[in-house]
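Each remark here refers to the structure printed beneath this line.
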Amino acid sequence: MLRQLTNTILVQRLRSSGAVGGAGLRRMYHERVVDHYNNPRNVGSFDKNDPNVGTGLVGAPACGDVMKLQIKVDDESGKIVDACFKTFGCGSAIASSSVATEWVKGKQMEEVLSIKNTEIAKHLSLPPVKLHCSMLAEDAIKAAVKDYEAKRSKLNGSQEAAPVEKAADA
């Protein structure tokens with residue numbers, strides 16, 4: 001309801017200012033961006049303290065966009081079983097986050113690191129001025145994987161250290 005009202009006001013202001021003709025507004029964003037903005041996939045968050053969750057938090061100071069992308073990884077298979085995001089930013093940033101969460105699900109950790117911002121930008125038909133949104137999504141994926149791997153190595157390190165400590169106490 002609020003989104004419809006905001007869109008109506010925006011269209012009226014743009015038309016009254018002469019900035020955009022009636023059909024011109026539709027060309028500002030590709031239909032995939034509008035779809036992911038109006039119906040974002042995987043919005044939410046996981047417990048960041050869960051050892052199977054990696055959290056990537058990135059931002060773009062120039063525009064103020066902030067993106068948090070989280071992945072949940074299956075220990076045994078190493079596959080990403082779920083992903084979610086919360087983004088404060090423009091429609092292109094929200095759409096890029098939404099696409100990124102869809103693309104990482106069901107993939108191995110190594111696979112998701114190969115997802116490039118150019119692929120996201122091409123999929124969403126982002127204009128050059130919005131490429132930083134797809135860059136944020138790529139950076140968020142990498143940061144989430146890095147966070148997960150850091151948690152796993154810390155957890156594995158503490159499990160290996162535990163028998164040494166017990167042996168020293170004996």
Side-chain angles (χ1 to χ4, degrees), residues 1-17 19-48 50 52-74 77 79-109 111-145 147-148:
M1 176 75 161
L2 181 60
R3 187 174 289 156
Q4 289 174 333
L5 180 62
T6 305
N7 286 342
T8 303
I9 293 170
L10 176 64
V11 169
Q12 288 174 348
R13 285 190 180 170
L14 288 173
R15 284 185 182 154
S16 67
S17 69
V20 175
L25 184 61
R26 291 216 178 267
R27 285 187 260 138
M28 292 178 90
Y29 285 110
H30 189 273
E31 63 189 36
R32 284 193 196 107
V33 174
V34 174
D35 179 41
H36 279 276
Y37 174 74
N38 286 330
N39 306 297
R41 283 66 150 182
N42 309 306
V43 175
S45 61
F46 302 130
D47 178 7
K48 67 178 181 175
D50 182 339
N52 295 326
V53 171
T55 302
L57 183 64
V58 295
C63 66
D65 291 349
V66 178
M67 188 178 292
K68 179 176 85 168
L69 188 139
Q70 293 181 297
I71 55 173
K72 188 176 281 189
V73 183
D74 178 53
S77 68
K79 280 190 176 183
I80 296 172
V81 293
D82 204 0
C84 63
F85 79 94
K86 284 190 177 179
T87 295
F88 177 80
C90 65
S92 297
I94 292 167
S96 294
S97 305
S98 180
V99 166
T101 60
E102 284 191 319
W103 286 6
V104 301
K105 283 185 179 183
K107 291 195 169 108
Q108 294 288 338
M109 301 287 277
E111 284 182 86
V112 301
L113 291 174
S114 68
I115 295 173
K116 300 295 176 205
N117 70 291
T118 51
E119 296 167 329
I120 295 169
K122 184 177 180 181
H123 178 74
L124 293 171
S125 299
L126 295 179
V129 72
K130 293 294 183 176
L131 290 181
H132 67 279
C133 298
S134 61
M135 288 180 206
L136 278 179
E138 179 185 346
D139 292 345
I141 292 168
K142 289 178 179 174
V145 169
D147 180 59
Y148 171 78

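Fair warning: this is a prediction, and the values are worked out from it, not measured in the lab. All heavy atoms count here, side chains included; hydrogens, waters and symmetry mates do not.
- Side-chain atoms of Gln70 come within 3.5 Å of backbone atoms of Phe46 as a donor-acceptor pair (strictly under, hydrogens ignored).
- Cys63 and His132 get closest at one heavy-atom pair: SG-NE2, 3.3 Å.
- In this structure, CG on Asn42 lies 9.0 Å from CG on Leu69, to the nearest 0.5 angstrom.
- A distance of 9.0 Å separates OG1 of Thr101 from CG of Asp82, quoted to the nearest 0.5 Å.
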Can I get a per-line list of side-chain donor-acceptor pairs under 3.5 Å for residues 84-96, giving both atom names and the distance, sequence neighbours left out?
{"from": "Thr87", "atom 1": "OG1", "to": "Ser97", "atom 2": "OG", "distance (Å)": "2.6"}
{"from": "Ser96", "atom 1": "OG", "to": "Ser92", "atom 2": "O", "distance (Å)": "2.8"}

From CA spacing to verdict: salt bridge (charged side-chain N to carboxylate O under 4.0 Å, His left out), Asp47, Lys72: CA-CA 10 Å; Asp47 178 7; Lys72 188 176 281 189; over 6 Å; no
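- Counting only heavy atoms from C-beta outward, the side chains of Leu136 and Asp65 approach each other to under 4.5 Å.
- Lys79 contributes atom NZ, which lies 14.5 Å from atom CD1 of Ile71 (distance to the nearest 0.5 angstrom).
- The line from NZ of Lys107 to OG of Ser114 is 7.5 Å long, rounded to the nearest 0.5 Å.
- Closest of all the heavy-atom pairs between Leu131 and Ser134 is O-OG, 2.8 Å.
- Among residues two or more places apart in sequence or in another chain, the side chain to side chain donor-acceptor pair (under 3.5 Å) test is passed with Ser98 by His36.
- Contact check for Val81 versus Lys105: no side-chain heavy atoms found under the 4.5 Å cut-off.
- Scanning both residues, Val104 and Ile115, for their nearest heavy atoms gives CG1-CD1, 4.0 Å.
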Under 3.5 Å donor-acceptor pairs involving side-chain atoms of residues 120-130, not counting sequence neighbours:
none

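- Proximity of Lys68 to Thr55: side-chain heavy atoms (C-beta onward) are separated by under 4.5 Å at one or more points.
- When side chains are defined from C-beta on, Arg41 counts as touching Asp35, because their heavy atoms get closer than 4.5 Å.
- Within a 6.0 Å sphere centred on NZ of Lys116, other residues, nucleotides and ligands contribute more than 12 heavy atoms.
- Atom-to-atom distance recorded for Trp103:CH2 and Ile80:CD1 is 14.0 Å, nearest 0.5 angstrom.
- Taken from CG in Asn117 to CE in Met135, the straight-line distance is 5.0 Å, to the nearest 0.5 Å.
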Stepwise side chain to side chain contact (heavy atoms under 4.5 Å, CB included) check, Val53 with Lys48: CA-CA 6 Å; Val53 171; Lys48 67 178 181 175; 5.6 Å; no
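- Counting heavy atoms from C-beta on, the side chains of Leu57 and Met67 never come closer than 4.5 Å.
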